[in-house]
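Read the structure below first, then the notes.
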Amino acid sequence: MCFLINKSFDRFFLFALCAIFANSLMAQEADKLYPSNGAAVTGKITEMTRNNVVMEVRGVKENFQAIDIQRIVYEAEPAAFTKAKEAVGTEQWDEAMDSLKKVDLKSVLREEPKKELEFYVGLVQTKLAMNGQGDPAAAEARLLNFVKGNTNSFHFFDSADALGSLAASTGGHDQAVKYFSVLATSPFPAQKLKAQYSLGNSNLALGKTADARTSYGDALAGATDDATSKRYKKLASIGMIRCETAEKKYDAAIEKLRKLVSESDATDNELFAQLYNALGEAHLRAGQEEEAVLAYLHTDLLFTSDPDSHAEALYHLIQLFTKLDPPRVAETKARLQSLYANSAWTKKG
């Protein structure tokens, strides 16, 4: 009897071990989706459009909006590819490219990660080009190639955003308007607001103040009130003030910008770089050169994380130092050229 009990127990124990091992293997081999907020979800990707991804989780299909997805790790994708995606998530572009170079395309068996590999290579090349590393034309071509062949990818609108930002940073504002106009068709309010704000910037750079006002106004009129939307509305309000500067309403622009500086969160580097650059521009056009230097120095010394804004500040400092402080010109010009070799501001300087 004891032998039968032990034999039955052994059989049960073996069955349990096999089940645990099988479940563990399935978990390892399944796709994993990481939302922007919340825990990762494991299952099988079954459908994908530019707006959403459907994952089957324990027999039930769940829908995830594209804008809420941080990344997807596909079944059996190379470890180097997974590491690259993690680096992209923290904006470690050099590290991401190093990992992408280690991915053996032959080891990527499914079509979804093969296509996504092209997106990530194009995206990282684009980000590096905006930081003065690599060829902007090659980066644009790579990302465009991905978009043309994958119009239903959930990376579609992120690609349009990256292409528009790259074009704007290199001075191709006509092309940037085209890309940001595609981004503006996004059904997601945060992306639409970003597109409207970016369209305003490019139109303003093209001297189309009326069009810029329209785009900034569209952003400010957005109905949503989440944190991201509020931020883009504040950025759009800075753009609207820059329109006043373009219309020679200098005193009003300076007063409004100083008020925004006192009211805003200084931990937002991009926002404050935009604020101080706008303030520098208003002072400069009003003939207040020393005040303009102080404004641009705020961006140069304190708010350098946004490449285009920092390059803009350095460019104007070079022009101002040429007249007010010539010994500082060479060092400032060297920094602009070394940090932002591909920037339109570097080409102007």
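Because the structure is predicted, anything quoted here is derived from the model rather than measured.
Pairs engaging residues 208-253 under the ring-ring contact (aromatic ring centres under 6.0 Å, His included) rule: none recorded [sequence neighbours left out]. Residue pairs meeting the ring-ring contact (aromatic ring centres under 6.0 Å, His included) criterion with at least one partner in residues 88-126, sequence neighbours excluded, are Phe81-Tyr120, Phe119-Phe146, Phe119-His155, Tyr120-His155. Within the structure, side chain to side chain donor-acceptor pair (under 3.5 Å) pairs that include any residue of residues 132-149 comprise Glu118-Asn145, Glu140-Tyr179 (at least two apart or interchain). Sorted by first and then second residue, the ring-ring contact (aromatic ring centres under 6.0 Å, His included) pairs involving residues 48-73 (not counting sequence neighbours) form an empty list.
Enclosure of atom CD in Glu255 is not indicated, since only 12 or fewer non-hydrogen atoms of other residues, nucleotides or ligands lie within 6.0 angstrom.
In this structure Glu47 satisfies the side-chain hydrogen bond (donor to acceptor under 3.5 Å, both in side chains) test with no other residue, sequence neighbours excluded. Remark: Glu112 pairs with Arg110 by the salt bridge (Lys or Arg N to Asp or Glu O under 4.0 Å) rule, at least two apart or across chains. For His173, the ring-ring contact (aromatic ring centres under 6.0 Å, His included) test picks out no residue, with sequence neighbours left out. Lys256 is linked by a side-chain hydrogen bond (donor to acceptor under 3.5 Å, both in side chains) to Glu244, counting only residues two or more places apart in sequence or in another chain. When the salt bridge (Lys or Arg N to Asp or Glu O under 4.0 Å) test is applied to Asp306, no partner is found at least two apart in sequence or on another chain.
Between the side chain of Lys44 and the main chain of Glu56, no donor-acceptor pair closer than 3.5 Å is present. Between the side chain of Asn150 and the main chain of Asn152, no donor-acceptor pair closer than 3.5 Å is present. Side chain of Asp218 to backbone of Gln196: no donor-acceptor contact under 3.5 angstrom is found. Of the possible polar contacts, one joining the Asp31 side chain to the Glu75 backbone as a donor-acceptor pair under 3.5 Å is found. The backbone N or O of Ala195 lies less than 3.5 Å from no partner atom in the side chain of Ser198, so there is not a single donor-acceptor pair. Side chain of Lys114 to backbone of Leu105: no donor-acceptor contact under 3.5 angstrom is found. For the pair Lys32 (side chain) and Ala40 (backbone), a donor-acceptor distance under 3.5 Å is absent. Remark: the backbone N or O of Leu199 is paired with a side-chain donor or acceptor of Asn203 at under 3.5 angstrom. Between the side chain of Ser264 and the backbone N or O of Val261 there is no donor-acceptor pair closer than 3.5 Å. In this structure a side-chain-to-backbone donor-acceptor pair under 3.5 Å is present from Thr214 to Ala210.
A 4.5 Å side-chain heavy-atom check between Asp268 and Phe303 finds every atom pair outside the cut-off. Contact annotation: the side chain of Thr42 never approaches that of Val57 to less than 4.5 Å [non-hydrogen atoms, C-beta and beyond]. A 4.5 Å side-chain heavy-atom check between Tyr296 and Tyr276 finds every atom pair outside the cut-off. Residues Leu33 and Pro35 are in side-chain contact: their nearest non-hydrogen atoms beyond the backbone lie under 4.5 Å apart. Looking at Ser309 and Gln274, their side chains come closer than 4.5 Å, going by heavy atoms from C-beta outward. Counting heavy atoms from C-beta on, the side chains of Glu116 and Phe154 come closer than 4.5 Å. Between Ser169 and Ser343 the shortest side-chain heavy-atom distance does not fall below 4.5 Å. At least one side-chain heavy atom of Leu204 sits under 4.5 Å from a side-chain heavy atom of Cys243.
Between Arg335 and Asp300, at least one side-chain nitrogen of the basic residue sits less than 4.0 Å from a carboxylate oxygen of the acidic one, meeting the salt-bridge criterion. Using a 4.0 Å cut-off between a side-chain N of Lys or Arg and a carboxylate O of Asp or Glu, Arg242 and Glu312 qualify as a salt bridge. Of the charged side-chain nitrogens involved, none lies within less than 4.0 Å of a carboxylate oxygen, so that Glu91 and Lys127 do not count as a salt-bridged pair. Residues Lys83 and Glu95 are not paired through a salt bridge, judged by the lack of any N-O separation under 4.0 Å between the basic side chain and the carboxylate.
Looking only at atom types and distance, the side chain of Asn52 has a donor-acceptor partner in the side chain of Thr49 under 3.5 Å away. A side-chain donor from one of Thr82 and Glu77 sits under 3.5 Å from a side-chain acceptor of the other. Residues Thr299 and Asn277 bring a donor and an acceptor atom of their side chains to less than 3.5 Å of each other.
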Would Thr46 and Lys61 count as a side-chain contact (heavy atoms from CB on, under 4.5 Å) if you check the C-alpha gap in whole Å, the side-chain angles of each, and the deciding distance to 0.1 Å?
-> CA-CA 8 Å; Thr46 59; Lys61 289 186 176 182; 4.2 Å; yes
In sequence, state the C-alpha distance, the side-chain angles, and the governing distance for Met48 and Val54, and then conclude on side-chain contact (heavy atoms from CB on, under 4.5 Å).
-> CA-CA 6 Å; Met48 184 182 298; Val54 177; over 6 Å; no
Ser165 and Phe180: CA distance, side-chain angles, deciding distance, side-chain contact (heavy atoms from CB on, under 4.5 Å) verdict | CA-CA 8 Å; Ser165 298; Phe180 288 132; 4.0 Å; yes
Run the side-chain contact (heavy atoms from CB on, under 4.5 Å) check on Asp161 and Lys194 step by step: do they pass?
-> CA-CA 9 Å; Asp161 187 9; Lys194 185 175 185 181; 2.7 Å; yes
For Tyr340 and His310, run ring pair (Phe, Tyr, Trp, His ring centres under 6.0 Å): C-alpha distance rounded to whole Å, both residues' side-chain angles, the deciding distance at 0.1 Å, then the answer.
-> CA-CA 9 Å; Tyr340 309 112; His310 190 210; 5.5 Å; yes
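By the criterion of side-chain heavy atoms lying less than 4.5 angstrom apart, applied directly or through intervening Ile, Leu, Val, Met, Phe, Trp or Tyr residues, Tyr34 is not grouped with Val53; the two fall into different hydrophobic clusters. No single ILVMFWY cluster, assembled from side-chain heavy atoms under 4.5 Å apart, contains both Trp345 and Leu206. Under the 4.5 Å side-chain heavy-atom criterion for ILVMFWY residues, no single connected hydrophobic cluster contains both Tyr74 and Val103. Put simply, Leu317 and Leu339 are part of the same group of oily side chains (I, L, V, M, F, W, Y) that touch within less than 4.5 Å, one to the next. Using a 4.5 Å cut-off between side-chain heavy atoms of Ile, Leu, Val, Met, Phe, Trp and Tyr, with links allowed through other members, Leu324 and Leu284 fall into the same hydrophobic cluster.
Asn269 approaches Leu302 most closely through the heavy-atom pair OD1-O, 3.5 Å.
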Per-pair distances, 0.1 Å, donor-acceptor, side chain in residues 286-293, under 3.5 Å, sequence neighbours excluded:
unit_1: Gln288; atom_1: OE1; unit_2: His283; atom_2: ND1; d: 2.5
unit_1: Glu289; atom_1: OE1; unit_2: Lys323; atom_2: NZ; d: 3.3
unit_1: Glu289; atom_1: OE2; unit_2: Lys323; atom_2: NZ; d: 3.3

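Distance check: Met55 CE to Ile45 CD1 gives 3.5 Å after rounding to the nearest 0.5 Å. Between Glu270 atom CD and Leu235 atom CG the span is 5.5 Å, to the nearest 0.5 Å. In this structure, CG in Leu193 is found 10.5 Å from CG in Leu183, a value given to the nearest 0.5 Å. In this structure, OG1 in Thr126 is found 11.0 Å from CG in Asn131, a value given to the nearest 0.5 Å. For the atom pair Ser159 OG and Leu144 CG, the distance stands at 9.0 Å (nearest 0.5 Å).
In the hydrophobic clustering, Leu166 connects to Met130, either directly or through intervening members, whenever side-chain heavy atoms lie under 4.5 Å apart. With side-chain heavy atoms closer than 4.5 Å counting as contact, directly or through intermediates, Val60 stands alone and belongs to no larger hydrophobic cluster.
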